[in-house]
Amino acid sequence: MLDIAVIRKQPEFVKERLATRHGGDEAHINEILALDEHRRKALAEVESLKALRNKVSREIGALLGQKKLDEANAMKAETKNLGDKIAALDKQAVDAESGRDALMLRLPNLPHGSVPLGKSAEDNPEVRVHGEKPDYTFQPKSHVELCESLKLVDFARATKLSGSGFLLYTNWGAKLERALIQFMLDLHSTEHGYTEVSPPFMVGEQCLVGVGQFPKFKDQYYGVAEGDVAANLGKLYLIPTAETPVANIHREELLKVEQLPIQYCAYTPCFRGEAGAAGVGTRGMIRVHQFDKVELIKVVKPEAGYDELERMVANAERILQLMGLHYRVISLCTGDMGFGSAKTYDIEVWAPGQGSYLEVSSCSNCEDFQARRMNLRFKDADGQNKFPHILNGSGTALARLFVALVETHQQADGSVLVPEPLRPYLKTERITP
RNA sequence: GGAGAGGUGGCAGAGUGGUUUAACGCGCACGCCUGGAAAGCGUGAAUACUGUAAAAGGUAUCGGGGGUUCGAAUCCCCCCCUCUCCGCCA
């Protein structure tokens with residue numbers, strides 16, 4: 001959520017920055033300002049009435065203390081209808097506020113000044129490239145062929161169980177998936193300074209609102225059950241990413257500045273509706289309704305946000321380097337960035353069998369956009385309460401990493417060579433049928 | 001799931017309709033005092049919104065919501081959480 005104070009003070013600046021995204025959102029600024037104005041007007045009025053009521057009530061109390069019953073009763077009669085006026089104005093203020101906030105929640109973040117201007121993925125500049133496309137003395141197979149010949153994934157039976165877009169890993173496929181998860185968690189938690197956590201896979205709506213998935217993109221997620229009525233959670237949703245539970249861990253807290261930076265890594269499955277995804281990438285493992293991912297989350301002081309983003313990308317890159325994969329890092333342009341992000345780097349790994357790059361990581365600094373939505377603050381050294389920057393990045397997403405790995409390291413005989421750092425986990429050097 | 005006891009500021013703990021703008025205490029910050037400390041004395045200290053050039057000021061917050069009243073920490077209703085015991089379960 002943007003800072004209403006910034007919208008008030010610099011509405012034209014906010015509109016311009018919003019327009020560099022998909023466009024259209026800037027149109028709501030005037031409406032927000034009008035509701036905000038109305039709210040403050042009603043508030044000023046109702047609060048002075050409340051002040052009056054408090055004053056009169058004290059006076060009545062004093063009169064009763066002095067046994068001046070008549071005077072007290074006279075004053076009671078005078079203030080009798082004050083309550084109704086207050087209630088009516090209160091409602092106006094509350095209505096204006098909830099109207100304003102409903103619009104604010106649908107407003108995306110402002111892009112950081114360093115983000116390239118652009119309309120779509122085609123305008124994303126390449127930041128750097130690691131390695132080269134490998135050469136093969138044979139025609140590299142696609143992961144679908146490899147998975148079938150090596151019996152890594154049973155596509156047909158997965159469809160029987162859950163329909164298209166779901167995977168049944170088998171034998172070495174299941175082991176490879178597990179090995180990759182454990183390898184990544186170990187690396188991030190021992191060498192990169194992240195604390196490993198394992199969160200719930202279902203969360204209440206407020207967590208999705210907190211990171212910006214709700215209310216605007218509600219139809220993309222799986223609602224599964226009514227949550228505890230008790231806890232006032234509303235419906236529970238399957239998490240689309242570990243970002244949803246993990247970034248919300250400290251929601252509604254006031255952190256001490258010494259607690260920062262907070263760094264978490266977490267493995268979770270991710271569930272996505274991917275509405276209308278039929279077509280490109282439907283076959284195989286590129287786009288599925290459930291996939292595994294190791295996610296990185298940071299909560300940091302605002303002044304550290306962008307340095308930490310660079311470090312996070314480097315942490316994710318390290319995985320691909322150790323897996324011996326060729327990849328490129330791109331900087332998303334204003335028009336291609338996600339809702340909550342102020343700046344995003346994507347990492348795309350080369351998949352020889354596809355002849356294309358696959359997005360396996362997306363690292364974003366959301367600045368204080370999410371912290372505001374979840375009311376997460378910290379008390380700075382100067383005693384001020386401030387919103388921290390919250391960053392999230394995949395480190396990395398599975399399924400696609402799996403694809404790149406088997407396609408890159410496939411051999412002429414149809415086997416797949418396991419990268420050195422993964423061998424202690426998989427307990428083999430080579431995957432054969 | 002059942003029964004009971006609780007929920008008040010950083011902590012602890014009074015307060016059953018009106019000088020409570022939440023007592024007393026501990027802890028905290030600053031000042032005085034001291035050679036330095038302790039003790040003592042004094043002052044200050046929550047969060048949000050609003051307001052202002054900045055202040056001052058105003059409103060709300062005693063687990064949450066609603067109600068009664070001129071006025072609610074206090075009375076009424078609903079809900080939540082914590083603790084203890086019992087049951088059930090992996």
Side-chain angles (χ1 to χ4, degrees), chain A residues 1-10 32-105 198 200-207 209-210 225-236 248-259 368-388:
Chain A
M1 190 151 65
L2 302 181
D3 184 354
I4 184 67
V6 172
I7 298 179
R8 273 181 211 150
K9 283 180 198 150
Q10 312 178 65
I32 288 170
L33 284 171
L35 285 164
D36 184 56
E37 182 67 29
H38 185 202
R39 168 177 175 264
R40 286 192 293 164
K41 219 175 144 191
L43 212 52
E45 212 173 326
V46 75
E47 286 184 355
S48 65
L49 287 180
K50 283 181 181 173
L52 175 64
R53 182 177 66 184
N54 288 343
K55 179 167 164 280
V56 171
S57 293
R58 273 195 297 272
E59 286 169 8
I60 291 175
L63 289 173
L64 288 175
Q66 298 160 29
K67 305 284 183 209
K68 297 181 179 170
L69 293 184
D70 290 347
E71 289 177 50
N73 283 329
M75 286 188 85
K76 277 191 200 179
E78 272 179 52
T79 21
K80 187 84 176 152
N81 61 355
L82 209 51
D84 295 337
K85 283 190 199 165
I86 287 172
L89 276 168
D90 249 340
K91 188 173 184 312
Q92 279 190 37
V94 168
D95 287 350
E97 181 172 5
S98 52
R100 181 194 72 180
D101 291 347
L103 289 173
M104 298 259 292
L105 282 174
S198 180
F201 301 162
M202 291 192 276
V203 294
E205 297 186 17
Q206 87 281 11
C207 288
V209 172
E226 277 314 309
D228 238 28
V229 187
N232 212 2
L233 282 178
K235 199 178 232 183
L236 290 182
N248 276 287
I249 287 176
H250 297 286
R251 62 176 294 118
E252 289 152 45
E253 291 182 20
L254 180 62
L255 302 172
K256 296 190 173 76
V257 69
E258 304 83 55
Q259 291 177 263
D368 60 8
F369 185 83
Q370 296 179 324
R372 275 177 203 288
R373 294 168 82 99
M374 58 181 75
N375 195 24
L376 165 59
R377 296 163 300 160
F378 72 99
K379 193 174 280 291
D380 209 349
D382 58 10
Q384 296 290 304
N385 294 339
K386 295 176 182 167
F387 292 105

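In what follows, chains carry the letters A, B, and so on, assigned in the order in which the sequence lines appear, proteins first and then strands, with residues in each chain numbered from 1. Basis for what follows: all heavy atoms, side chains included, without hydrogens, waters or symmetry-related copies.
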In whole Å, what is the span from the [atom1] atom of [X] to the [atom2] atom of [N]?
X      : N      : atom1 : atom2 : value
A/R58  : B/rA72 : CZ    : P     : 12 Å
A/K41  : B/rG58 : NZ    : P     : 24 Å
A/H38  : B/rU50 : NE2   : P     : 15 Å
A/E59  : B/rU21 : CD    : P     : 14 Å
A/L376 : B/rA48 : CG    : P     : 13 Å
A/K55  : B/rG57 : NZ    : C1'   : 15 Å
A/E252 : B/rG63 : CD    : P     : 18 Å

Between [M] and [N] - [atom1] atom distance, rounded Å:
N      : M      : atom1 : result
B/rU21 : B/rU61 : C1'   : 14 Å
B/rG51 : B/rA60 : C1'   : 15 Å
B/rG58 : B/rA3  : C1'   : 48 Å

Upstream residue (5' side of RNA chain B) when A/L64 and A/L254 are each assigned their closest nucleotide: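 Nearest-nucleotide comparison on RNA chain B picks A/L64.
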
Can you work out whether A/N385 or A/K50 has the more 5'-proximal nearest nucleotide on RNA chain B?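 Counting from the 5' end, the first nearest nucleotide belongs to A/N385.
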
Distance check: side-chain N/O of [X] vs OP1/OP2 of [N], anything under 4.0 Å?
X      : N      : result
A/R53  : B/rG71 : yes
A/R377 : B/rA48 : yes
A/K379 : B/rU47 : yes
A/R40  : B/rG51 : yes
A/N54  : B/rG71 : no
A/R39  : B/rU50 : yes

Does A/E59 form a salt bridge (charged side-chain N to carboxylate O under 4.0 Å, His left out) with A/K55? I'd like the steps, not just the answer. CA-CA 6 Å; A/E59 286 169 8; A/K55 179 167 164 280; 3.6 Å; yes

Can you list, in residue-number order, the parts of residues 71-86 of chain A that come under 4.0 Å of RNA chain B, counting heavy atoms only?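 A/K76, A/T79, A/K80, in order of number.
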
Can you give the dot-bracket line for RNA chain B, using ( ) for pairs inside the strand, [ ] for pairs that cross earlier ones, | for pairs with another strand and . for unpaired bases, where Watson-Crick and G-U count if both distances are under 3.5 Å? ((((((((.[[...)..(......]].(((((.......))))).(((((......))))).[[[[[..)....]]]]])))))))....

